[in-house]
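Accompanying notes for the structure given below.
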Protein chains: 2
Amino acid sequence: MKRADRLFQIVNFLQGRRMAVTAERIADEFDISIRTVYRDIQDLIITGVPINGEAGVGYMLDKSYYLPPMTFDVEELEVLMLGAAMVSSWTDTDMSVSAQTLIRKVRNALSERDRETFEGIALFAPPSRARPPWNINFSAIRRAVRKKEKIHLDYSDEQGRSTERTIRPLSLVFVGPVWMMLGWCELRKDFRHFRLDRVNQATFTGEFFEDTPETSLQTYLDSLGYCDGLRP
Amino acid sequence: MKRADRLFQIVNFLQGRRMAVTAERIADEFDISIRTVYRDIQDLIITGVPINGEAGVGYMLDKSYYLPPMTFDVEELEVLMLGAAMVSSWTDTDMSVSAQTLIRKVRNALSERDRETFEGIALFAPPSRARPPWNINFSAIRRAVRKKEKIHLDYSDEQGRSTERTIRPLSLVFVGPVWMMLGWCELRKDFRHFRLDRVNQATFTGEFFEDTPETSLQTYLDSLGYCDGLRP
DNA sequence: CACCTTACTGACACTTTTTGTCAGCATGGT
DNA sequence: ACCATGCTGACAAAAAGTGTCAGTAAGGTG
């Protein structure tokens with residue numbers, strides 16, 4: 001079991017470094033010889049962990065997230081499947097594709113018999129009627145949230161008046177059939193939310209922001225007393 | 001690597017048998033000695049796989065689903081988190097709890113740095129307004145779908161007329177803010193769907209059904225030309 | 001180009017882990 | 001009481017993992 005453990009740890013070690021790591025560094029870390037590192041890495045790759053090695057550089061893990069072996073009960077796995085199906089129905093094409101991939105991956109990991117259990121638990125009528133169409137890239141917004149990149153918005157308010165402002169995107173909020181972006185508005189100096197279907201144009205500024213005590217998502221949540229576990 | 005592989009396979013082997021399996025049976029299957037089986041099982045348990053052994057009986061895996069180590073890209077993991085959050089907001093309490101558990105499990109499995117990436121991607125306003133409340137147990141219906149147990153329904157149709165019928169539950173369908181149950185109606189001898197918020201009473205009959213070519217979910221889907229990947 | 005760094009491979013002796021065998025105890029079911 | 005089975009300890013044999021060394025290939029840099 002010693003080796004198996006080490007293999008997990010190596011993945012963990014590689015994960016969360018944006019620079020390449022040399023075999024020597026790994027050997028030092030785990031107190032093993034470089035030769036053994038090469039052997040370990042090879043076995044990891046065989047197992048399907050997406051590690052890339054380059055001579056003269058080192059090792060890098062593909063920007064991917066490694067989950068160790070886990071067990072779920074029926075309900076949890078059902079949530080996973082249901083959730084992915086819902087996402088597939090209610091977001092944009094890019095994400096829908098990812099949702100399908102996720103579902104396929106997980107299904108394939110189950111034994112034949114278990115797969116049947118999750119057959120047809122839930123279907124989703126496409127929300128084409130109810131959902132107002134938006135014309136900005138959903139995926140791009142999620143990326144901006146992750147990277148904390150400011151967005152310049154051309155937005156129509158309830159009265160149809162068009163305004164422009166720069167906001168710090170903090171989160172996406174799904175309220176009915178409508179997606180909204182929650183952000184800190186630099187114009188109003190306050191939290192605001194923007195319906196995606198009312199955004200005329202979104203420009204990604206390439207400017208990044210840091211959370212401050214006044215502008216952080218946490219602050220907003222606290223101000224709502226939003227502690228009921230609805231946060232992902 | 002041989003042993004690590006076998007450990008996975010043993011879990012796979014245990015999974016999907018409702019009767020207990022003896023160590024001897026496992027030893028035969030993998031062509032190893034019984035002693036080794038005991039050692040393997042112990043290591044699996046240490047790793048967290050929920051295996052129960054009883055003297056005089058054999059081994060049983062808790063009704064749980066084991067996922068081998070997997071890698072996801074950002075998008076896929078985001079779908080998982082988003083989906084679970086959506087399920088948490090839009091289904092009943094039981095399932096909401098499972099959704100929270102799922103989210104917690106996955107978050108814990110990620111490295112500290114990665115966790116931040118998935119902070120606050122999406123929030124969900126509780127759908128209390130839009131969603132008509134239902135008074136039957138969502139979880140129980142899902143169980144009936146899984147077990148293929150007939151349900152006796154007291155249902156109010158669009159005109160408010162109350163009818164009773166026995167149906168074979170096939171799937172749950174989420175159409176807007178509304179959940180519906182898709183089933184084969186034994187009264188009408190056809191597929192029908194029933195809004196959960198219009199169900200007055202549901203009785204689980206304890207009677208089970210087998211899919212037939214005429215009454216299967218697949219048949220229904222085929223009749224719709226429903227092949228756009230929206231199925232979980 | 002020369003030179004350095006690093007990934008990668010093969011071979012072989014050495015070390016550690018895994019395995020099978022055997023012997024015995026504990027427990028659940030009949 | 002008896003059987004089937006889980007579970008543990010000990011020890012030698014088998015297998016897998018490891019370090020060392022020697023060498024090749026592929027990036028990067030001056």
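Just so it is clear: chains get the letters A, B, ... in the order the sequence lines come, proteins before strands, and each one is counted from 1. Hydrogens, waters and symmetry mates are skipped; everything else that's a heavy atom, side chains included, is used.
- Summary of the strand contacts: B:D31 and A:T22 both lie near DNA chain C, and taking for each the nucleotide with the nearest heavy atom, the more 5' one is attributed to A:T22.
- In this pair, B:Y155 and B:F194 present their aromatic rings perpendicular. The plane angle is above 60°, beyond the 30 to 60° band.
- In this structure, A:K2 reaches the C:dT17 phosphate: one of its side-chain N or O atoms is under 4.0 Å from OP1 or OP2.
- Between the side chain of B:R35 and the base of D:dG9, at least one donor-acceptor pair of N or O atoms lies under 3.5 Å.
- Residue A:S33 places no side-chain N or O under 4.0 Å from the OP1 or OP2 atom of D:dT20.
- Between A:Y65 and B:F118, the ring-plane angle classifies as perpendicular under the 30° and 60° cut-offs.
- A residue-by-residue look at B:N52 and A:I34 shows that B:N52 has its nearest nucleotide of DNA chain D further toward the 5' end.
- The residues A:D40 and A:R3 are annotated as salt-bridged, a charged nitrogen and a carboxylate oxygen being separated by less than 4.0 angstrom.
- Ion pairing between a basic and an acidic side chain is recognised when a charged N comes within 4.0 Å of a carboxylate O; B:E210 and B:K148 show no such pairing.
- Going from atom CG of B:D40 over to atom P of D:dA15 covers 17 Å, rounded to whole Å.
- When rounded to the nearest whole Å, the span between CD1 of B:I26 and P of D:dT5 equals 12 Å.
- As rounded to whole Å, 15 Å separates atom C1' of C:dA7 from atom CE of A:M60.
- Close to D:dG6, at under 4.0 Å from its OP1 or OP2, lies no side-chain N or O of B:Q42.
- To the nearest angstrom, P of C:dA7 lies 9 Å from CD of A:E24.
- Candidate nucleotides D:dA26, D:dC7, D:dA15 were compared by shortest atom distance to the side chain of A:A55, and D:dA26 ranks first.
- Across all strands, B:V37 comes closer than 4.0 Å to no nucleic acid atom at all (heavy-atom distances).
- Relative to the side chain of A:Y59, the nucleotides C:dT27, C:dC8, C:dT21 differ in distance, and C:dC8 lies closest.
- Looking only at distances, a side-chain donor or acceptor of B:K105 sits under 3.5 Å from a matching main-chain atom of A:T71.
- Ranking C:dG29, C:dT19, D:dG17 by closeness to the B:R6 side chain, first place goes to C:dT19.
- Rounded to whole angstrom, the span from the CZ atom of B:F30 across to the P atom of C:dG20 amounts to 13 Å.
- Toward the 5' end of DNA chain D, the nearer of the two residues A:R3 and A:V57, judged by each one's closest nucleotide, is A:R3.
- The side chain of A:R39 approaches D:dG19 more closely than any other nucleotide in the set D:dG17, C:dT19, D:dG19.
- The CD1 atom of A:I46 sits 14 Å away from the C1' atom of C:dT9 (whole-angstrom rounding).
- Contact annotation for B:I32: backbone-only contact, meaning every heavy-atom pair under 4.0 Å involves sugar-phosphate atoms and none involves a base.
- Spacing between atom CD1 of B:I41 and atom C1' of C:dT18 amounts to 16 Å, rounded to whole angstrom units.
- When each of D:dT5, C:dT9, C:dT16 is scored by its nearest atom to the side-chain atoms of A:Y38, the top-ranked nucleotide is C:dT9.
- Relative to the side chain of B:M1, the nucleotides C:dT6, D:dG17, D:dG6 differ in distance, and D:dG17 lies closest.
- Rounded to whole Å, atom P of D:dG6 lies 12 Å from atom CD1 of B:I45.
- A salt bridge is absent between B:E149 and B:R143; no separation between the charged side-chain nitrogens and carboxylate oxygens falls under 4.0 Å.
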